[in-house]
Number of protein chains: 2
Amino acid sequence: MPQLLGEYDCKIDAKGRLRLPAALLKQLHAFGSPDYVINRGMTPYLTLFPKSVWEHESAKVKALNGYIERNQAFKRYFYRGATPLEPDSADRILLPKSLIEYAGIKKTVIIQGMDDRVEIWDKEAYLNDINQEPADFRKLAEDTWTSVSTPPPAPPNPYNPPPGHVLP
Amino acid sequence: MPQLLGEYDCKIDAKGRLRLPAALLKQLHAFGSPDYVINRGMTPYLTLFPKSVWEHESAKVKALNGYIERNQAFKRYFYRGATPLEPDSADRILLPKSLIEYAGIKKTVIIQGMDDRVEIWDKEAYLNDINQEPADFRKLAEDTWTSVSTPPPAPPNPYNPPPGHVLP
DNA sequence: GAAAAAGTGGGAAAATGTGTCATTTTATGT
DNA sequence: ACATAAAATGACACATTTTCCCACTTTTTC
């Protein structure tokens with residue numbers, strides 16, 4: 001399974017169109033069809049999924065029992081804003097106005113590959129977000145790995161890191 | 001298992017390209033493919049991973065449930081700036097502008113082998129960083145080894161003194 | 001139905017990335 | 001110390017990508 005990586009700086013044109021960077025496009029093509037689904041993120045940013053990834057993701061949500069009110073509320077949230085997109089002949093996607101507004105996108109966005117999806121942030125918001133983290137990162141890392149049943153990253157076999165090794 | 005070692009002094013050209021030192025290249029080749037992933041370090045420096053090492057690191061992160069916001073924050077922090085790179089025909093890698101800026105790289109960088117990855121520092125920042133250390137180093141070493149369950153490295157075999165033996 | 005707004009397509013200019021090579025510097029062996 | 005080879009650096013030309021702009025079509029609104 002291919003992996004989407006990279007941090008890209010792009011500008012939105014006056015009509016709200018975003019030209020996908022060539023380097024990212026190559027990676028996206030590895031996921032098959034040139035169709036995407038974009039959606040609101042948990043906080044003010046957007047997530048762009050290759051269609052195949054979205055289908056996989058939404059299949060899980062579809063399976064939730066809608067007669068349970070909390071599930072139904074989650075479903076509603078999950079689908080709120082989800083929009084299918086396909087790039088035009090110049091590899092541009094038109095971002096829905098409501099999502100541009102939600103993410104506070106002005107002119108420049110940062111696109112960050114996140115494995116099987118990409119996040120699209122207003123540049124300023126993105127920089128604020130990652131500049132806040134470092135102080136918290138150690139605690140965040142500990143919490144993250146202890147909340148998962150598996151112990152902290154098992155040292156990968158061939159590349160067993162030395163004792164005292166810390167991510168990343 | 002190969003190990004990346006050495007401290008190298010290199011210059012970045014006007015386009016932000018870094019020629020990997022020949023001695024380091026040989027070591028990197030031992031990791032397989034000539035593809036890398038570069039990322040922000042915890043403080044203003046960059047980390048360059050052989051692709052295979054990166055894949056091991058990210059495999060653990062991939063498994064986290066992104067609907068838990070703290071997990072997602074961790075993922076984002078982990079991926080922030082991660083960019084795939086492959087050297088050109090002259091064994092140069094093009095450092096992304098955003099990362100050059102992040103690490104405060106001007107003209108000269110220090111590349112430091114760190115077992116399964118290398119750190120890339122702006123030379124000046126690097127010298128400042130290690131010039132701060134020496135006073136702290138003994139304490140740092142103690143803290144490090146007492147916080148780990150394993151004892152400090154056993155003296156290498158040939159010189160392991162027999163019980164009761166006293167060194168000259 | 002007319003005017004305005006929004007969406008689409010194309011393309012030129014600027015910016016950026018890439019390949020190649022010549023020159024300088026460093027390392028190595030005699 | 002010198003000659004030779006290897007590596008590092010700098011410079012340039014070329015290719016690609018990005019951005020910005022304009023004109024046209026479709027949809028919405030009054």
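Naming convention: chains lettered A, B, ... in sequence-line order (proteins, then strands); numbering from 1 in each chain. Bear in mind the structure is a predicted one, so any value in this text is a computation, not a measurement.
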Between B:Asp9 and A:Cys10, whichever has its closest DNA chain D nucleotide further toward 5' is B:Asp9
Taking for A:Ile12 and for B:Ala22 the nucleotide of DNA chain D with the nearest heavy atom, the one nearer the 5' end belongs to B:Ala22
Practice item. Decide side-chain hydrogen bond (donor to acceptor under 3.5 Å, both in side chains) for B:Gln112 and B:Tyr126; before the verdict, give the C-alpha distance in whole Å, the side-chain angles of both, and the deciding distance to 0.1 Å. Key: CA-CA 10 Å; B:Gln112 174 66 62; B:Tyr126 183 78; 3.1 Å; yes
Any donor-acceptor pair under 3.5 Å joining the side chain of [X] to the base of [N]?
X       : N      : value
B:Arg92 : C:dG17 : no
B:Lys15 : C:dT16 : no
B:Arg17 : D:dG10 : no

Nearest whole Å is fine: how far is [N] [atom2] from [X] [atom1]?
X        : N      : atom1 : atom2 : result
B:Asp91  : C:dG19 : CG    : P     : 12 Å
B:Leu95  : C:dT16 : CG    : P     : 16 Å
B:Leu85  : C:dG17 : CG    : P     : 12 Å
B:Leu25  : D:dA6  : CG    : P     : 16 Å
A:Ile100 : C:dA6  : CD1   : P     : 11 Å
A:Lys11  : D:dC21 : NZ    : P     : 12 Å
A:Leu94  : C:dG9  : CG    : P     : 11 Å
B:Lys26  : D:dA6  : NZ    : P     : 11 Å

Verify the contact: side-chain N or O of [X] to OP1 or OP2 of [N], cut-off strictly under 4.0 Å; return yes or no.
X        : N      : answer
A:Ser89  : C:dG10 : yes
A:Lys97  : C:dA5  : no
A:Lys107 : D:dC20 : yes

Against the side chain of A:Arg19, the closest entry in C:dG9, D:dT19, C:dT18 is D:dT19
Out of D:dA7, C:dG9, C:dG19, minimum distance to the side chain of B:Asp88 belongs to C:dG19
Ion pair [X]/[Y], N-O distance below 4.0 Å:
X        : Y        : answer
B:Lys51  : B:Glu55  : yes
A:Glu7   : B:Arg80  : no
A:Asp122 : A:Lys106 : no

Open item on the list: Could you check whether A:Tyr79 and A:Arg40, counting side-chain N and O atoms only, form a donor-acceptor pair closer than 3.5 Å?
Closed with: no
Discussion item. Once you apply a heavy-atom cut-off of 4.0 Å, does B:Asp13 come out as touching a base, just sugar-phosphate, or nothing?
Written reply: nothing
